[in-house]
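So that the names make sense, note that chain A is the first sequence line, chain B the second, and so on, each numbered from 1. Computed over heavy atoms, backbone and side chain alike; hydrogens, waters and symmetry mates excluded.
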Number of protein chains: 4
Amino acid sequence: MILTLDFKSDTPIYVQLRNAIVVAIGKGELQDGERLPTIRQLAQELGVNVMTVNKAYAILKNEGFLSIDRRHGAAVTRPDGGDAVYKEKLERELTLVISEAALKGIGRQEFQSLCSGIFAALAAGPQTLTE
Amino acid sequence: MILTLDFKSDTPIYVQLRNAIVVAIGKGELQDGERLPTIRQLAQELGVNVMTVNKAYAILKNEGFLSIDRRHGAAVTRPDGGDAVYKEKLERELTLVISEAALKGIGRQEFQSLCSGIFAALAAGPQTLTE
Amino acid sequence: MILTLDFKSDTPIYVQLRNAIVVAIGKGELQDGERLPTIRQLAQELGVNVMTVNKAYAILKNEGFLSIDRRHGAAVTRPDGGDAVYKEKLERELTLVISEAALKGIGRQEFQSLCSGIFAALAAGPQTLTE
Amino acid sequence: MILTLDFKSDTPIYVQLRNAIVVAIGKGELQDGERLPTIRQLAQELGVNVMTVNKAYAILKNEGFLSIDRRHGAAVTRPDGGDAVYKEKLERELTLVISEAALKGIGRQEFQSLCSGIFAALAAGPQTLTE
DNA sequence: GTGGTCTAGACCACA
DNA sequence: GTGGTCTAGACCACG
C-alpha cells in the first residue's frame with residue numbers, strides 16, 4: 001500500500017491518512033475484508049508516531065470503514081448505507097465545491113463529466129486483483 | 001448579507017467565513033463587483049475577532065474571489081478561469097468525496113442528480129437578491 | 001447453548017462471554033444446577049482461546065453464578081442474596097445509565113416500562129428451553 | 001466540581017472521567033450551558049495527563065453532551081433526543097443489569113423503586129443552585 | 001504480538 | 001490562553 005503524506009500541509013497527518021485510506025478503499029486497492037498493516041508497522045513505515053496512526057484508524061472504525069479485531073488487527077469493512085446525517089454533510093460539501101468550481105469557470109457539463117470520469121476510474125480499480 | 005457561523009464547529013471560523021462567502025457568490029447573493037462590508041464592520045456584526053475576518057478576506061483575495069482596494073474596501077471579483085493548479089485540487093477533492101459517497105452506498109446516478117440539483121439551485125439564485 | 005460473540009466489539013471477549021452467560025441464566029435458558037460445557041469444548045465451539053473461556057468461568061464463579069467442581073466441570077448456581085457490595089455497585093451503574101437516559105430524553109415513565117418489559121421477557125424465558 | 005477517579009480500576013481513566021461528567025450533568029451539578037474547566041486545568045487538578053482529559057472531552061463532544069468552542073473551551077449541552085442506536089444500546093445494557101439483579105435476588109418491585117429513587121434524586125438535584 | 005492507555009513535554013493554529 | 005496535534009517511550013490487557 002502506497003500512502004503519501006505531506007508533512008508540511010496544515011491538514012493533520014491523521015486526517016490525511018484517513019482520507020488516503022478512504023480513497024484506497026474506494027479505488028479497490030484495499031478490498032473488503034482485507035487486513036490493514038498493524039498500527040505499529042504503518043507508523044514505522046510512514047515515519048509517524050503510533051498514536052497518529054491509531055487516531056486515523058479509530059476514526060475510520062467510527063465511520064464504519066474498518067473494524068478492529070483484538071486478535072488480528074484492523075480490516076476493511078463496508079459501512080452502513082447512507083444515513084441522513086451523512087447526506088446532509090455531503091450536500092453541504094458539494095455546495096461549496098460546486099460554487100467554487102462554477103466561479104472558476106467550470107460549467108455543469110464539465111463538472112459532471114469530471115465526476116463521471118472519477119466514478120469510472122473507481123469502478124475500474126484493481127478489482128479482486130489476483131482472482 | 002446573512003452569514004451564519006457555527007462556533008461549536010471544529011472547522012476554523014475564518015474557513016467557515018471564507019466558505020460562506022464563496023457560496024454566497026456562487027448563489028449570486030453577492031454579485032460581481034459588489035462591495036463587501038469593512039473588515040471591522042463584518043467582525044463586529046458577526047461578533048468575531050478582526051483578525052479572523054482579515055484572514056478570510058486575505059484568502060479570498062489570494063484565490064481571486066475578492067479584490068481589495070485600500071480606498072474602497074473589498075469587492076467581489078471573478079477569478080481567473082480554471083488554472084491547472086485549481087483543477088488538480090478539485091479532482092483530488094472530488095476523488096475523496098466520491099469515494100466516500102460510493103462506499104456509503106450512493107451510486108453514480110444519485111450523485112449526479114444531487115449535483116444537478118445544486119447547480120440548478122445556484123443558477124436560480126441571483127433573483128432572490130432583493131426579495 | 002447459543003452464544004454470539006462480536007469479535008469486532010471493543011468489550012473484551014471474556015466479558016462478552018461472562019455477560020452472555022449471565023443473561024442466559026437470567027432468561028432461564030440455563031437452569032439452576034445445569035452443567036456448562038467444558039472450558040475446552042466451549043473454547044473450540046466458539047473459536048476462542050481456552051484462556052478466554054477460563055477467565056469468564058473464573059469471574060462467574062467468583063460472582064457466585066457458577067460452581068466449579070473438578071470432577072463434574074462447571075454448573076449453574078444461584079448466587080447469594082444481594083450483598084451490600086453488589087447493591088452499591090448496582091446503584092452506581094444505574095445512576096450512570098439513568099443519567100444518560102434522562103439526558104437523552106427518556107423519561108421516568110418510558111424507562112420504567114422498558115424495565116418492566118425486560119423483566120417480563122426474562123420471566124417468560126424458561127419455557128422456551130425445549131422448543 | 002468534585003470528581004473522584006480510581007487509578008487502580010481497570011476501566012480507563014478517560015472513561016471514568018466521561019462517566020463522572022455524565023452523572024454530574026444528570027444530577028444538575030453541571031447546568032446546561034455551564035462551562036467546564038480547561039483541559040489543562042482539569043488535568044492538573046486530577047493529576048492526570050492532558051491527553052487523557054482531552055479524550056474524555058472528545059467523547060462527550062461526540063456524544064453530544066458538551067460542545068467545544070475554540071474561543072471559550074468546553075460547555076455543557078443537551079444531546080439530541082434519543083436516537084434508535086442509543087435505545088438499542090440501552091436495552092442491551094438493561095437486559096444485562098436486570099438479569100444480574102434478578103439472579104442476585106432483587107425483584108421487579110425492588111428494582112423499580114430503586115430506579116424511582118434515582119430518578120427522584122436526579123430531579124431534585126442542585127437546581128439552578130443560586131437563582 | 002496485537003491494540004489500548006498513559007505520560008511528559010513540545011509546537012502550532014486559532015481567536 | 002485555548003484546544004489541536006505530534007512525539008518517543010512505556011506499561012498493560014487481551015488472546
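- What you find for C:Leu3 and C:Ala20 is that their closest heavy atoms are CD2-CB, 3.7 Å.
- Checking the phosphate oxygens (OP1, OP2) of F:dT5, a side-chain nitrogen or oxygen of A:Tyr14 falls inside 4.0 Å.
- We find that NZ of D:Lys55 is positioned 15 Å from C1' of F:dC6, with the value rounded to whole Å.
- For E:dC11, the paired base is F:dG4 (Watson-Crick or G-U wobble, both distances below 3.5 Å).
- For D:Asn54, no side-chain nitrogen or oxygen approaches OP1 or OP2 of F:dG3 to under 4.0 Å.
- Within 6.0 Å of NZ on C:Lys8 lie no more than 12 heavy atoms contributed by other residues, nucleotides or ligands.
- Between the side chain of D:Arg35 and the base of F:dG3, no donor-acceptor pair of N or O atoms lies under 3.5 Å.
- One atom, CG of D:Asp10, and another, P of E:dC6, lie 11 Å apart when rounded to the nearest Å.
- One finds no side-chain N or O of C:Thr52 lying less than 4.0 angstrom from the OP1 or OP2 phosphate oxygen of F:dC14.
- Atom NZ in D:Lys61 sits about 14 Å away from atom C1' in F:dT2, given to the nearest Å.
- Evaluation of atom-type donor-acceptor distances gives a pair under 3.5 Å for the side chain of D:Arg40 against the base of F:dG3.
- A side-chain contact (heavy atoms from CB on, under 4.5 Å) with B:Val50 is found for one member of B:Thr38, B:Leu42, B:Ile39 and no other, namely B:Ile39.
- Note that CG of C:Asp83 is 5.0 Å distant from NZ of D:Lys104, once rounded to the nearest 0.5 Å.
- Remark: P of F:dG15 and CG of C:Leu46 are 12 Å apart, rounded to the nearest angstrom.
- For A:Ile68 and E:dT5, the CD1 to P distance is 11 Å, given to the nearest whole Å.
- Of the candidates F:dT2, F:dG15, E:dT5, F:dG15 carries the atom nearest the A:Arg70 side chain, counting heavy atoms from C-beta on.
- Residues A:Met51 and C:Met51 both approach DNA chain F. Their nearest nucleotides, taken by heavy-atom distance, put A:Met51 toward the 5′ side.
- When the C1' atom of E:dT5 is taken as reference, atom CG of D:Leu5 falls 14 Å away, rounded to whole Å.
- The side chain of D:Val48 approaches E:dT7 more closely than any other nucleotide in the set E:dT7, F:dG3, F:dT7.
- Atom-to-atom, CD1 of A:Ile39 to P of E:dC6 comes out at 15 Å; the value is rounded to the nearest Å.
- Across the interface with DNA chain E, nearest-nucleotide mapping of D:Phe7 and A:Gln41 shows A:Gln41 to be the residue nearer the 5′ end.
- Rounded to whole Å, the distance from CD1 on B:Ile13 to C1' on E:dA13 is 12 Å.
- Of the candidate nucleotides F:dG4, F:dC14, F:dG15, F:dG15 has the atom lying nearest to any side-chain atom of C:Asn49.
- Of the residues B:Leu60, B:Val22, B:Ile59, B:Leu30, the one that meets the side-chain contact (heavy atoms from CB on, under 4.5 Å) test with B:Leu66 is B:Leu60.
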